Amino acid sequence: MTQRVELTRKDRPYTPPYVTQSAVGTSPPNPPATGETVTFTLDGQERTAAKGTLIITAADEAGVYIPRFCYHPRMKPVGMCRMCLVEVTGPRGATLMPACYNPVADGMVISTTSEMTKKAQDGVLEFLLVNHPLDCPVCDKGGECPLQDQTLAYGPGESRFVEEKRHWDKPIPLSTLVYLDRERCIQCGRCVRFADEVAGDPLIDFAERGDTTEVATFPTEPYADYFSGNVVQICPVGALTAKPYRFRARPWDLEQVESTCTSCSVGCRVAAQASSDELTRYIGVDADPVNWGWLCDKGRFDFQAVNSPERLRAPMIRQGDELVEVSWPEALAAAADGLAAAARIGDGDQVAVIGGSRLPNEDAYAWAKLARLALRTDHVDAQLGDGLPAETVLGLPKATIDQAAAAPVVITLCGDIKEELPVLYLRLRDAAQKGQAIIELSPSNTGMTRYSAASLRYRPGQAAALVRSVLAGEVPEVSALLDAAAGKAAGGPAVVVVLGRPSLAETGESVAEAARALAGLEGVAFLSGLRRSNVHGALDMGLAPGVLPGRVGLDQGREWYSQHWGGELPAAKGLDTAGILEAATHGRIGGLVLLGADPLTDFPDGGAALRGIAQARFVVAVDTFLTDSVRKADVVLPAATYAERRGTFTNLEGRVSRLGQIVTSPGSAWPDWMIAVELAARMGHDFGWSSLEDIWAEIEAVSPLHAGVSYDLLSSREGRDGVPVPLGAGGALRIARRLDPMADPGIQSTEAHLISPTEFFGAGAGRLSAFSDAPAEAATGPGGDEAEPASAANAPTPETPAESASESGPDTAPPAESPDGPRPAMLAAPAAGPATASSSAPADTGELLLVSGRTLWDGGTALAHSPSLAGLHPAPTARIHPDDVARLELTAGAAVRVSTARGSLDLPVTVDPSLAPGTVAVTFNLPGASAASLIDSRSECTAVTLSVVPARSVDSVGGSGE
Amino acid sequence: MTITDAPHIVTRRLGTPRSWTLETYLADGGYQGLRKALSMTPEQIHEQVNTANILGRGGAGFEAGRKWGMLAKPTPVYLTINGDESEPATFKDHMLIEGDPHQLIEGALICAYAIGADQVFLFVRGEFPLGIERLQAALNEAYAYGAVGRDIFASGWNIDVVVHPGAGAYICGEETALLESLEGKRGYPRIKPPFFPAVVGLYGAPTIVNNVETVSNLPWVMLNGGDAFAALGEGRSKGTKLLALAGHVNRPGNYELEFAKVSFRDLIFDPSLGAGIRDGGELKAFIPGGASSPWLGPEHLDVLLANEKIAEVGTMAGSGSVVPMDHTTCMVRAAWRIVRFFHRESCGQCTPCREGGGWLEKILQRIENGQGRESDLDLLMDVCDNISPGVRWPPAQTTICVLGPSMPPAISSGIRMFRDEFLAHIRDGRCPFPPDRLPGKLASV
């Protein structure tokens with residue numbers, strides 16, 4: 001006999017934590033809904049489950065863990081690894097069945113602990129280790145590895161394999177971000193299935209066969225995909241590693257906090273992990289209503305910017321041509337004095353605030369209040385000219401991502417969703433694969449075009465005209481889809497419009513006009529496609545001209561907020577960013593606050609930004625990096641960013657979810673709200689806040705939008721995936737799925753996730769909890785005074801038991817009234833657009849018009865400071881329709897001079913038949929050549945002329961603004 | 001001898017000059033079966049095939065008529081002919097494709113008409129270049145002749161037939177892997193359920209997958225009736241069977257013999273068939289039904305070549321490949337050769353086959369090289385057990401398809417029948433047999 005140590009299951013040396021937890025909790029996303037049930041026996045206990053439920057899911061739900069590798073709850077089961085074999089006794093006796101793709105059946109007797117099952121588990125694990133190098137001590141996965149854990153828990157204890165193992169060169173790069181160690185690979189196929197099934201970019205696949213099977217790229221194409229980090233996340237061994245994390249930490253040194261990704265406005269739930277007070281890794285958390293566990297590579301890896309040594313660490317004041325570091329009191333005094341002076345001069349209209357979409361909700365609220373009360377201005381705009389009028393975004397009927405995914409028809413009138421909102425792209429792509437009809441209205445092809453039932457082109461400025469022609473039935477195939485939609489809507493909206501900015505070289509108003517026309521469709525709802533981080537939170541909190549916190553119009557809310565804030569509010573609606581910059585150019589802005597804004601690179605019209613900032617008399621910048629705009633400031637205040645502070649975030653659905661803290665900010669950077677509180681105090685306004693809880697209590701008390709949305713609710717199991725506001729929007733809240741370290745290895749699932757939210761998130765839970773008490777933050781803040789919160793009556797008490805939050809949570813209507821009377825009404829849908837063509841639509845004069853969209857990899861600040869991502873941006877080109885290329889006798893690849901009234905760029909020509917003829921597309925904000933130097937934000941659209949560049953200039957492709 | 005008295009149903013034209021041309025085929029009554037079929041209803045044809053009781057000739061021995069009866073009915077329906085014959089020592093379809101492609105086409109057309117197929121795919125092993133060339137030429141001739149395409153023989157029935165060369169994987173002979181490959185994907189066997197391509201097959205549509213030899217019988221069945229076919233053979237095993245005799249016999253080759261009437265002894269020793277062991281040697285053992293079947297010894301020579309008779313002695317008729325091994329054969333090496341084949345051909349999809357195959361091959365190689373341990377015999381059996389629990393017949397499996405469970409029979413047969421020989425390798429630290437008589441690298445261990 002073989003020399004073999006026989007271990008009984010009881011003797012197994014190690015039991016990973018998820019084995020003892022009840023129900024790791026990964027039911028498939030679409031459980032069968034026939035209403036029929038079957039009765040079966042699992043490990044001696046009779047149970048029932050919905051017909052069609054997979055054995056592995058039924059076991060999960062029963063708290064019985066079946067080991068697994070290839071199974072992933074977000075992908076189709078394939079039965080490849082055979083780890084989930086269980087003994088099933090049916091009519092034909094006992095056999096081994098893979099639990100991952102066989103459904104439970106009536107009378108089935110399943111044993112996960114029988115000798116037959118145990119032998120199969122031993123066998124499969126021994127097989128998996130035959131060619132596995134067992135280099136755990138030097139493997140990044142060691143310590144969080146499903147193969148390691150399940151071998152210890154379910155394996156035979158030792159291997160009888162004495163032969164030589166398979167050898168490969170390793171690691172090999174699949175892309176600049178992802179590395180593959182083929183020796184460690186167990187061929188579970190999770191990565192290749194993800195690339196094909198979820199991302200739709202099958203750039204990796206298995207090559208060769210048998211035990212020489214390897215994951216490979218195609219010979220000429222790297223695995224350069226926006227979602228490549230997910231294959232690293234779901235790899236159950238150390239075969240796939242991401243460059244930013246390789247050899248950076250050991251799992252047992254990592255601390256984790258649940259948070260929300262702030263790289264765009266989708267608001268993916270994440271587990272942020274840090275080691276030695278430095279961010280090391282982001283892992284997607286499977287939130288049913290949002291990201292299903294996936295992240296884009298930008299969201300996953302741009303935390304590198306947080307760690308950057310370039311971060312602003314101390315306040316600075318301009319002395320001559322230089323910015324010199326000063327203390328916080330000095331800087332705050334200078335800022336407060338300068339702004340107060342400006343505010344006094346022009347009856348409040350002399351100060352303006354640009355930016356704020358980087359800020360968490362509480363901070364946005366603090367700045368909105370500061371602007372209206374202390375700075376006495378309504379010139380506040382979180383959007384940098386790349387958004388839509390706030391009334392349009394806030395007033396239209398809203399849809400959630402789930403509702404958009406379930407709608408029979410989705411109309412996209414926004415930027416390229418794959419580039420701007422990558423995980424929303426995954427959700428809509430999934431919906432399209434399942435039969436949804438997507439109608440795309442855009443100036444050029446996008447990542448969504450290949451999944452669209454119809455893709456219609458329009459020339460810049462003509463969006464409303466296109467919509468009117470569609471609604472008039474002039475596009476029969478679209479009419480047919482729209483007609484069929486109403487009958488197919490299952491409770492939710494029949495049509496969801498994803499509304500954003502298809503091109504930055506046309507005005508937001510022209511898109512808003514199209515949106516108003518679409519609002520006339522029956523059963524229509526809108527999902528905002530504005531991409532900028534917490535822009536929706538900023539708008540909801542009043543960082544927009546004419547809008548007060550809670551989606552309340554300035555006039556409607558003036559009395560309410562005057563009363564609650566204790567001061568006069570501005571008399572008239574203020575200017576948006578374009579207006580502010582224009583006013584500054586004419587010397588009418590005495591004090592300009594750049595609140596995490598870099599208009600010089602981020603405002604579509606670079607020339608206007610340059611003039612405006614240059615002419616503003618006093619500029620305060622609150623930011624994390626010394627951007628081009630910050631360099632022009634008179635006072636620079638360093639801000640703490642995400643992962644360095646707590647807070648809440650509002651995504652494009654209006655879903656409020658929490659941000660966790662896991663590292664400390666560099667130097668003496670402060671959270672934005674503290675800066676606001678300190679400035680207010682120096683300008684004579686005591687906001688009375690010493691913690692985020694104080695601010696949130698006030699928001700909850702005064703904002704009609706946030707009534708009933710308490711921190712306790714956001715921390716509860718129903719609220720952990722976020723709560724769409726107002727409470728009740730998007731339907732009843734669902735209990736968040738539990739963290740699943742088998743689906744997403746590396747995620748730290750503690751027992752805490754299964755117990756009451758207060759214990760997990762509440763006071764004193766320590767750093768592992770999402771929202772620790774963070775005494776350090778309070779100590780450095782403006783605390784000290786014992787001021788009561790502004791509305792003590794509605795403030796949550798820390799002692800409130802979590803149960804009450806849950807009970808009063810999802811099903812309870814928000815309190816409609818506060819003790820002080822009814823809250824102001826929120827903005828309603830704007831009137832539907834005129835049935836006839838707007839007179840403002842420019843006539844088609846036949847001139848060439850500019851189109852400018854964004855790419856995921858661009859010259860943005862976060863990317864520029866993330867070493868792994870900084871080089872990924874594409875080379876700038878001018879994309880031109882083939883007819884125009886022919887007409888103007890241009891040559892593909894040769895340089896062309898793209899000139900507008902604002903400036904010109906020399907770019908190589910790319911022929912793009914997907915454009916509408918007569919348009920030229922130049923990508924916004926690419927390093928070296930941004931369309932910002934071309935766009936004229938004063939006009940409805942930007943006319944361009946093209947001219948051939950002499951051959952000698954071709955080498956120096958680049959731009960020159962005005 | 002009565003052995004060769006039965007009619008040759010599928011091999012009648014093999015060996016005649018230019019047997020693969022339409023001219024030869026028509027001269028011998030070609031396409032009359034199809035003409036007759038077109039005058040019948042599909043149900044009538046199905047009834048004839050049921051009467052004939054044609055067991056599938058690919059290896060599993062599933063009744064063709066029953067398979068057709070399982071067809072789900074939504075359109076489209078596909079017919080796929082499995083010509084991916086790739087196992088060592090199996091070469092019957094090879095000859096039928098090269099020697100009588102029109103018979104295969106006609107049989108496929110009759111089948112397609114009977115099942116109401118919308119499209120026929122002839123999936124042929126890529127390593128049959130001559131067969132593919134002749135089959136494509138025959139298909140072109142058949143189109144020109146009006147037997148394929150629009151309004152076939154003025155019957156109003158239309159069908160298209162496509163020849164699809166395989167891309168070099170044995171696993172594509174597994175019917176669901178074949179369908180995946182046809183769809184342009186990796187040749188991975190599909191997970192079951194759904195168990196039958198007749199329900200969910202090519203592109204998710206109902207699909208019948210029949211073996212080359214199976215459908216090659218159909219023209220004869222049409223012309224002579226299912227009863228005439230069923231009159232041949234015994235029990236479940238009706239008609240004739242094409243047997244591929246390889247290995248250490250004097251006259252290896254394909255022999256079409258009446259089913260259930262001929263014993264292994266007849267096949268191996270009859271002067272008109274195998275004509276005995278080479279060099280006057282002794283029969284040591286033989287593989288009765290392809291590389292994946294458990295071996296038999298001389299004591300089983302009188303077993304009749306019938307599916308159920310062979311099953312009674314714990315093995316299978318399989319694809320009809322019979323390989324006698326003489327007394328000079330090293331049984332460790334024989335098992336190693338077979339396992340090595342399956343290891344190399346494992347698709348790599350599921351763990352036990354992918355990793356177990358390589359491990360088994362390495363252990364056998366080690367024993368053959370004289371570095372075995374006594375514990376290796378138990379280890380071999382236990383690794384086999386983890387691929388095919390119980391190492392029993394018919395096999396159970398921890399794998400997706402039956403390729404993995406195809407490895408244990410050679411090992412378990414070798415150890416069960418020749419344990420002393422395995423132990424001698426271990427005890428003496430070397431192989432007691434002379435090197436292979438095969439040239440080149442095949443001989444190197």
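Here is the naming used below: chain letters follow the sequence lines, and residue numbers restart at 1 for every chain. Computed from a prediction, not measured in an experiment: that's the story for all the values here.
Rounded to the nearest 0.5 Å, atoms OH (A:Y101) and CZ (B:R190) are 13.5 Å apart. One distance of note links SG of A:C81 with CD of B:Q349; it measures 11.0 Å at 0.5 Å rounding. A distance of 8.5 Å separates CG in A:D211 from CD in B:E361, rounded to the nearest 0.5 Å.
At a 4.5 Å heavy-atom cutoff, B:E374 makes no contact with chain A through either its backbone or its side chain. For A:Q187, the parts lying under 4.5 angstrom from a heavy atom of chain B are both the backbone and the side chain. With a 4.5 angstrom heavy-atom cutoff, B:P352 touches chain A via backbone and side-chain atoms both. If you measure heavy-atom distances from A:P103 to chain B, you find no contacts under 4.5 Å at all. Proximity to chain B involves both the backbone and the side chain of A:F206, based on heavy atoms less than 4.5 angstrom apart. Interface residue A:L85: only side-chain heavy atoms are found under 4.5 Å from chain B. Interface remark: B:I363 contributes backbone and side-chain atoms alike to the contact with chain A (heavy atom separation under 4.5 Å).
Residues A:N131 and B:R354 are not in side-chain contact: their nearest non-hydrogen atoms beyond the backbone lie 4.5 Å or more apart. Taking 4.5 Å as the limit, some side-chain heavy atom of B:R186 sits within range of a side-chain heavy atom of A:T213. Using a 4.5 Å cut-off on side-chain heavy atoms (C-beta onward), B:P389 and A:T95 make no contact. A 4.5 Å side-chain heavy-atom check between A:F127 and B:V383 finds at least one atom pair inside the cut-off. Looking only at side-chain heavy atoms (C-beta outward), A:M80 and B:T351 stay at 4.5 Å or farther from each other.
Nearest heavy-atom pair, A:G79 versus B:C350, reported as atom, atom and distance to 0.1 Å: O-CB, 4.4 Å. The two residues A:R82 and B:T398 have their closest heavy-atom pair at NE-O, 2.7 Å. Pairing each heavy atom of A:R209 with each of B:R344, the nearest pair is NE-O, 2.9 Å.
Heavy atoms of other residues, nucleotides or ligands lying less than 6.0 angstrom from CG of A:D169 number 12 at most. Other residues, nucleotides and ligands place no more than 12 heavy atoms under 6.0 Å from the NZ atom of A:K76.
Considering only heavy-atom pairs separated by less than 4.5 Å from chain A, the leading option among B:G348, B:G358, B:A396 is B:G348. Counting heavy-atom pairs closer than 4.5 Å to chain B, the top-ranked of the candidates A:N102, A:L96, A:V162 is A:V162.
A salt bridge is defined here as a Lys NZ or Arg NE, NH1 or NH2 lying under 4.0 Å from an Asp or Glu carboxylate O, and A:R160 with B:D376 fails to meet this definition.
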